[in-house]
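First the proteins, then the strands, lettered A, B, ... as listed; each starts at 1.
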2 protein chains.
Amino acid sequence: MAGTGTDLNRLRELNSLSIVRALRGNPPSTVTELSARTGLSRPSADVMVKALVADGWATVVEPAANSVVGRPARRYQFRADAGHVLGIDVGGHKILAMLADLDGTVVHSTRVAVTPDADPASRLAAMDTVIANCLAETGFSGDDLWAITVGVTGPVDETGRTTLFTPLPGWTSVNPAEHLAARFDAPIRVENDCKLAAVAERWHGVAQDADDIVYLLAGIRTGAGLIIDGTLRRGYGGAAGEIGALRQVRWLGAPAHLQNCPGLPESVAPDDAAAWVFSAARDGDKAAKAAVRRYVRDLAVGAAALVLTLDPHVVVVGGGYSRSADIILEPLERELQRLCLRVPEIRASTLADEGVALGALRLALDEVDARLFTTSLPAPLAPPAG
Amino acid sequence: MAGTGTDLNRLRELNSLSIVRALRGNPPSTVTELSARTGLSRPSADVMVKALVADGWATVVEPAANSVVGRPARRYQFRADAGHVLGIDVGGHKILAMLADLDGTVVHSTRVAVTPDADPASRLAAMDTVIANCLAETGFSGDDLWAITVGVTGPVDETGRTTLFTPLPGWTSVNPAEHLAARFDAPIRVENDCKLAAVAERWHGVAQDADDIVYLLAGIRTGAGLIIDGTLRRGYGGAAGEIGALRQVRWLGAPAHLQNCPGLPESVAPDDAAAWVFSAARDGDKAAKAAVRRYVRDLAVGAAALVLTLDPHVVVVGGGYSRSADIILEPLERELQRLCLRVPEIRASTLADEGVALGALRLALDEVDARLFTTSLPAPLAPPAG
DNA sequence: CGAATATTGCTGGGGTCTTTACGAATTGTA
DNA sequence: TACAATTCGTAAAGACCCCAGCAATATTCG
């Protein structure tokens, strides 16, 4: 029964989707271009794209200045604003929401600061506020959202819970997916923050060329996210990448080398300690340099375990400490050279603290795509015209 | 240009392949059954299967005793003997070749013993002999082979070389793929033995139900093969799973606990030492039990690194020592419980020393399938009738 | 031997894509 | 301004595929 029995309707769907693919991510295209891009004949491409326009998936862009000989062609464009998705980073210090259209263009983002020891209820309330603001400031309603993804700390199981552990107090009892499902109709997904950051690096970050990626979160917390063969790997129970739980790897204590660096002035707040150490090391401070060396050495053991297990193309170093990539990357590479069989390329993230939210957006878009590309074209939820 | 432009021909191909899928792995089927299985109409299924018969991909099986009312239906069967594939395990102690038809049924296998310190040339010669015998004893020629896969020790790069390292002396300079390419036209692939064993466990072993598998080779060598999301993961440079190279993991020295167990009689050959220790431990020998405990403790650290990285569904323990799974599995699980966040199921392999060759067969079959299911149906290389 | 049953084979209908062809719109040149 | 050249838009014809339904066929059971 699960057979791939394929009839004519399916063929038409396939070709319609083929046209959608050809439209997306390209500048407004003529029918001739679409025909060339899809391999379909020009009349077919014409019929398809006209149907898409009728259903609200595409629009006609007026010819514009055309300096070429011949009748000017109509240009069609995918209606990226037919729907929107939301990506949310629920972090220890901040909550960040990003709203993007179907092309993945970020339309708006909102953030609010929270304290790491906030209780779950107030954290969820802050999340609600951030979302509400993001929608209010752009004039959208919850019905305009086609998918929502939330990034949280700790391994996430199928249901969206972080049962194994999480640094956020009380968070294990919370299910953000259920919480949001009561407010929004869109499909909601909860995912681990490191995993989302990894996705973001492949989407808009420094690993766009790689299919096998290890993302290292280097910050007050240490963690990892894995992309294998181009897709995010969650593991059977959603706990892939949690190599830090292995004591031999020393990730848990690694940041302490920086936090407790001898010579650290009392005036420096704990959150700024690492930055101070990196800066001091850059200035040649002996103790700071030793602290960085010890930190990197511990970080490298876990990284080596990941690298040896997966043999990735690229290792991306992200997280708060990646701002000091200039003094981390080189010793990290040296350590990996010592520990690994084949050393991957090591690159520093450039997504600052937006990686998790961006990755959440990408996953939400994937959700939309999956529906779009498998279960035929859904009824056009979009208004008939912009 | 890479567009999915889909015309009628493609539709027909798709449906033809759909029929092939419905035929394979099923007993001889009537057109009505095929129609039900594929979702196609009966006339369509009829036309398709007739075309397959004409091209040599299927045969008609005569009605046989039919005890049901009505006109007896013709039964069609996939011609598994239209082609064959070869899987070869080039190990330290033996070389094993297996010949299978397109259904994966093993038709014949040949093996020969070699010494671990044999030089590359004689090892390749032994491989040639094993293949030649396997073909001669079944009456096939090299032209009947549609794909060949060779399993070797050590990480294999894209070209089929084991450049990073291998325990076989001189083997880094050898390229078995090139060697065989001079003799056979079929596509040839070389792969790491642990990876192939992992594939075999999912195909015919104890992990058929799992999509995320860590295969542990527990023997005189220690190694791993990874299956993630149902497919073998090689890593960017083919060195995935080589966690044993990390010193912290202690895999290199782990078997020594068994080999050098105090109380080991001088009369026991090195190759039989582990078996003796396991047996002694089973009989309650204190020293032997301690040696096993130490071995498992070391094995578990690397296994934990793999498990924490990938969060697999199942860990399969294979290799020579898996014959003593009865006294390894329980302490291994206990150790993993201690070291991991979520402990996967742990199972002992039952494929004895045929896992690598079986996995090689599966990969060769995958190669055939890939051609069959992407680039349309190739011209029937098969003779028109059995 | 005839009725019941299930399969086989065939024909027409509906649908899709492609090819071919021709009219329409614009540019550049005489 | 008129005309050729070029490209786009669209319509008609042809080929192909899938499906529904009906007549013919082969077998079992009474």
Might you list the N or O atoms of the protein lying below 3.5 Å from N or O atoms in nucleotides 10-15 of chain D, with each pair's distance?
from   : atom 1 : to      : atom 2 : distance (Å)
D:dT10 : OP2    : A:Lys50 : NZ     : 2.6

| message | D:dC19, OP1 or OP2 - any side-chain N/O from B:Ser44 closer than 4.0 Å? | response |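 So the side chain of B:Ser44 is within the cut-off, an N or O lying under 4.0 Å from OP1 or OP2 of D:dC19.
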| query | So, is B:Asn15 close to the D:dC18 phosphate, meaning a side-chain N or O under 4.0 Å from OP1 or OP2? | reply |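 Checking D:dC18 against B:Asn15, a side-chain N or O does come within under 4.0 Å of OP1 or OP2.
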Expressed in angstrom and rounded to an integer, what is the separation of [X] atom [atom1] from [N] atom [atom2]?
X	N	atom1	atom2	value
B:Arg12	C:dC17	CZ	C1'	16 Å
B:Met48	D:dC18	CE	C1'	8 Å
B:Glu13	D:dC17	CD	P	11 Å
B:Leu40	D:dC17	CG	C1'	11 Å
B:Glu33	C:dA6	CD	C1'	13 Å
B:Ile19	D:dC17	CD1	P	14 Å

| request: Kindly write out the residues that satisfy side chain to side chain contact (heavy atoms under 4.5 Å, CB included) with A:Thr350, not counting sequence neighbours, or none if the list is empty. | output: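 If we apply the side chain to side chain contact (heavy atoms under 4.5 Å, CB included) test to A:Thr350, skipping adjacent residues, the hits are A:Val206.
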| field | Under the side chain to side chain contact (heavy atoms under 4.5 Å, CB included) test, residues paired with A:Leu365 that sit two or more places apart | value |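 Testing A:Leu365 for side chain to side chain contact (heavy atoms under 4.5 Å, CB included), a comparison that skips the adjacent residues, returns A:Val85, A:Trp203, A:Arg362.
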| request: Determine the interplanar angle of the A:His84 and A:Phe140 rings, folded into 0 to 90°, and report it as parallel if under 30°, tilted if 30 to 60°, perpendicular if over 60°. | output: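 Because their plane-to-plane angle lies in the 30° to 60° range, the rings of A:His84 and A:Phe140 count as tilted.
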| query | Is any NZ, NE, NH1 or NH2 atom of the basic residue among A:Arg234 and A:Glu158 found under 4.0 Å from an Asp or Glu carboxylate oxygen of the other? | reply |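 Yes, A:Arg234 and A:Glu158 are salt-bridged.
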Residues which pass side chain to side chain donor-acceptor pair (under 3.5 Å) with [X], listed by chain and number, not counting sequence neighbours:
X	answer
B:Gln208	none
B:Asp209	B:Arg347
B:Ser29	B:Arg37
B:Asp212	none

| field | B:His313: ring pair (Phe, Tyr, Trp, His ring centres under 6.0 Å) partners, not counting sequence neighbours | value |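 B:His313 satisfies ring pair (Phe, Tyr, Trp, His ring centres under 6.0 Å) with A:Tyr236 once adjacent residues are dropped.
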Check the interface with nucleotides 2-7 of chain D: list each N/O to N/O pair with the protein under 3.5 Å, or write none.
from  : atom 1 : to      : atom 2 : distance (Å)
D:dT7 : O2     : A:Arg71 : N      : 3.2

